[in-house]
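Here is the structure we will look at.
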Amino acid sequence: MEDRVIIFDTTLRDGEQSPGCSMNVDQKIQMAKQLERLGVDVIEAGFPIASEGDFESVKRIARTMKKCSVAGLSRTTKKDIDCAWDALKYAKKPRIHTFVATSDIHMKHKLRKTRSEVLEMAVECVRYAKSLTKDVEFSAEDAVRSDLDFLCKVIEAVIDAGAVVVNIPDTVGYSIPEEFGSMILSIKKNVSNIDRAVISVHCHNDLGLGVANSIAAIQNGARQVECTVNGIGERAGNASLEEIVMTIHTRKDLIPLKTNVNTKELYRSSQLLSNLTGMYVQRNKAIVGANAFAHEAGIHQDGMLKHAQTYEIMTPQSVGFPQSMLVLGKHSGRHALAKRYAELGYKLSKEELNTVYNIFTRLADKKKDIYDADLIAIVQDEVSHIAETFIFEGIQVLSGSKLTPTATVRLRKGDKCIEESSIGDGPVDATCRAIDKITKVKARLTSYSIKGVTTGKDAMGEVIVQVEFNKTNFIGRAASTDVVEASAKAYLNAVNRVLNNQKTK
Ligand code: KIV
Ligand code: ZN
């Protein structure tokens, strides 16, 4: 049997459809490029018939990806499949992913169809999809709660109709590892033509067992897992990509399989997604959480100093986790900075390095210790930023328990500097109002969060905001040692995205 597990990433489809995780087309392209760098095999880019935005994203991702297969989801109707194919047809490796529910509860109450009608729809649509492309995946939605004999019958029929991947989702996150593993084994034993298809699994995390169930499935013969970065997805999410990959990687002794993933890109992928969506990663999240490699208890620290493996089953470097030690200081030169960025995986052009170096020296004046996490925050702010209509020049804020908060903001648009002041309910509110006066964009601030990039009183604060404009959400982020400045920059970042979006339209 194949000794490699295919990683099917559905961050941009199942992940993106969950509340608070929506991304616009440009953000999806940025994430898709990172997923390709990460080394996933398949990117599910969206559900083309669901909306114009989804169609456009799938189409652009299909055109952009060089190595990955690009999948588009469709129900089992000709219209859905045609739409998916229209978006996918320019991909180097297109995959049509078609699905229908096979559990009695879904067929009766949602689809209002009999078993034989569902079987017929599945076969007809797989055959039709196969007439368009050779790479066709079929998913039996709610497979876990389906009658096993019926499920096996459907799987056998869709393989005969041309499906090369058959996906067994635990749509409602109901299964437990032993049960799910033996289900995969039964499918392997009872579906006569199963050797002509790859068995895939897609586990939701309602009981917190998404990763455990996926691993049990792999141990019983599944060779594709569907998962998402940071485990985002419907309700409690999907199985987390980084946890599945690192489980396979770390427990080679029990799971003698490999993936194509470059594990050193895991942390960066997680951070990028979090920055694009504004959905923070919980501090104690396995593999990519801020505390994942932090050893707090004295006895642990002592053990670590004597021999790292006493308390560390994998190294932070293996997942690209920024090291928590001091890496650079006030007197570090441009060359050292470029070298450290290269070690962190960022290749900066000369101009980018100049910009980043200026910010770095200003930061080093304010902040004694500079950590990798600070360097990443700087580069994400300054290099991967979007085209800016308005550039932040400065801010002055008056605030206090007995004063009306007042902010004066200075922005630049082309050669012109514009300054405005405003009062507000608090310093951040006053700042946003002053920015609104200058930009004349009437966006509504719908979410605001702040966290320290590193620890210590002088840590940079990272602010992520979400604004709503014309029923579309835009994220903005920025970091600074001054939290009001970070708030101003994050809000302006979101407003510039609104303006960009209007220009693109
Ligand atoms: O959870 C699920 O069943 C799905 C399918 C469409 C694969 O997302
Ligand atoms: Zn799902």
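In listed order, ligands and their atoms are each counted from 1. Source: prediction; values computed, not measured.
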Query raised in the report: Which ligand 1 atoms does His204 reach within 4.0 Å, using its non-hydrogen atoms?
Result: 1 (O)
Query - Close approach of Arg13 to ligand 1, heavy atoms, under 4.0 angstrom - result: yes
Query raised in the report: About how many Å separate CG of Asn230 and OG1 of Thr277, when rounded to the nearest 0.5 Å?
Result: 7.5 Å
Report task. Just jot down the ligand 1 atoms closer than 4.0 angstrom to any heavy atom of Glu141, in number order. Result -> 3 (O)
Query raised in the report: OG of Ser318 to NE2 of His249: how many Å apart, nearest 0.5 Å?
Result: 5.5 Å
**Report entry** Atom pair CG/CG of Asn190 and Asp149 - distance to nearest 0.5 Å
**Finding:** 7.5 Å
Report task. For Glu117 and Thr114, indicate whether the former's side chain and the latter's backbone hold a donor-acceptor pair under 3.5 Å. Result -> yes
Requested in this report: Output yes when a side-chain donor or acceptor of Asn262 lies under 3.5 Å from a complementary backbone atom of Lys264, and no otherwise.
Outcome: yes
Query - Shortest protein heavy-atom distance from atom 3 (O) of ligand 1, along with the residue and atom involved - result: Thr171 OG1, 2.6 Å
Query raised in the report: For His202 and ligand 1, does the shortest N/O to N/O distance drop below 3.5 Å?
Result: yes
Query raised in the report: Any idea which part of Asp14 is under 4.0 Å from ligand 1, heavy-atom wise: side chain, backbone, both or neither?
Result: side chain
Query raised in the report: Okay, side chain of Thr11, backbone of Val229: is any donor-acceptor separation there less than 3.5 Å?
Result: yes
Report summary line: Near the Zn ion (ligand 2), meaning under 2.8 Å, the protein N/O/S atoms are Asp14 OD2, His202 NE2, His204 NE2
Requested in this report: To the nearest 0.5 angstrom, please state how far the CD1 atom of Ile105 sits from the CG atom of Leu111.
Outcome: 12.0 Å
Query raised in the report: For the side chain of Arg223 and the backbone of Ile218, is there at least one donor-acceptor N/O pair under 3.5 Å apart?
Result: yes
Requested in this report: Around atom 7 (C) of ligand 1, find the nearest protein heavy atom and jot down its residue, atom name and distance.
Outcome: Ser139 OG, 3.7 Å
Query raised in the report: Has the side chain of Asn220 got a donor or acceptor atom that lies under 3.5 Å from a matching backbone atom of Leu185?
Result: no
